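Notes follow the structure.
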Amino acid sequence: MLKICMTDDIPEREARAFDTEALGTFFITQRDGQFFAYKNICPHLQVELEILENQFLDQDQEFIQCSTHGALFQVETGECISGPCLGESLTAIPIQVHSDGGIYLA
Ligand code: FES
């Protein structure tokens with residue numbers, strides 16, 4: 001299993017981008033102590049979500065936001081709840097948190 005990072009690397013309501021040969025770019029965010037990972041591709045135009053480094057969340061840090069046209073996605077499901085790709089979803093990446101505090105690709 002591939003270790004991506006430690007849980008401490010991703011503070012609550014923040015996100016971090018990663019790049020692996022197998023998956024390309026993706027990001028992990030933490031919400032209420034749980035970690036969620038998605039491919040860094042907006043379902044609207046298939047572009048990367050962020051313009052500024054690691055800026056995947058909206059101003060209130062409530063939703064994942066695409067920087068290009070402002071689509072909002074639920075953190076827990078990746079579903080678009082506002083914007084041009086309403087009803088579509090980010091592609092989830094299965095991860096597991098292990099007892100060593102590491103986050104691994106499942
Ligand atoms: S490219 Fe993401 S909302 Fe348009």
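All values reported here derive from a predicted model rather than from experimental measurement. Counting convention: from 1, in listed order, for ligands and their atoms alike.
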Proximal ligand 1 atoms for Cys66, defined as those under 4.0 Å from one of its heavy atoms: 1 (S), 2 (Fe), 3 (S)
Reported CG-to-NE2 distance for the pair Leu49 and His44, which is rounded to 0.5 angstrom: 12.5 Å
Identity of the N, O or S atom of His44 lying closest to atom 4 (Fe) of ligand 1: ND1
Main-chain N/O of Gln61 paired to Arg13 side chain as donor or acceptor, under 3.5 Å: yes
Gln46 atom CD, neighbour heavy-atom count above 12 within 6.0 Å: yes
CD-CZ distance between Gln65 and Phe56, expressed to the nearest 0.5 angstrom: 12.5 Å
Closest to atom 4 (Fe) of ligand 1 (judged by heavy-atom distance), picking from His69, Gln46, Glu48: His69
Residues Glu50 and Asn40: side-chain donor-acceptor under 3.5 angstrom: yes
Atoms of ligand 1, numbered as shown, that sit under 4.0 Å from any heavy atom of Cys42: 1 (S), 2 (Fe), 3 (S)
Atom 4 (Fe) of ligand 1 to nearest N/O/S of Cys85 below 2.8 Å: no
Mode of Val47 contact toward ligand 1 - side chain, backbone, both, neither (heavy atoms, under 4.0 Å): side chain
Any side-chain heavy-atom pair of Phe26 and Thr20 under 4.5 Å: yes
Atom indices of ligand 1, in the order listed, that fall short of 4.0 Å to a heavy atom of Thr68: 1 (S)
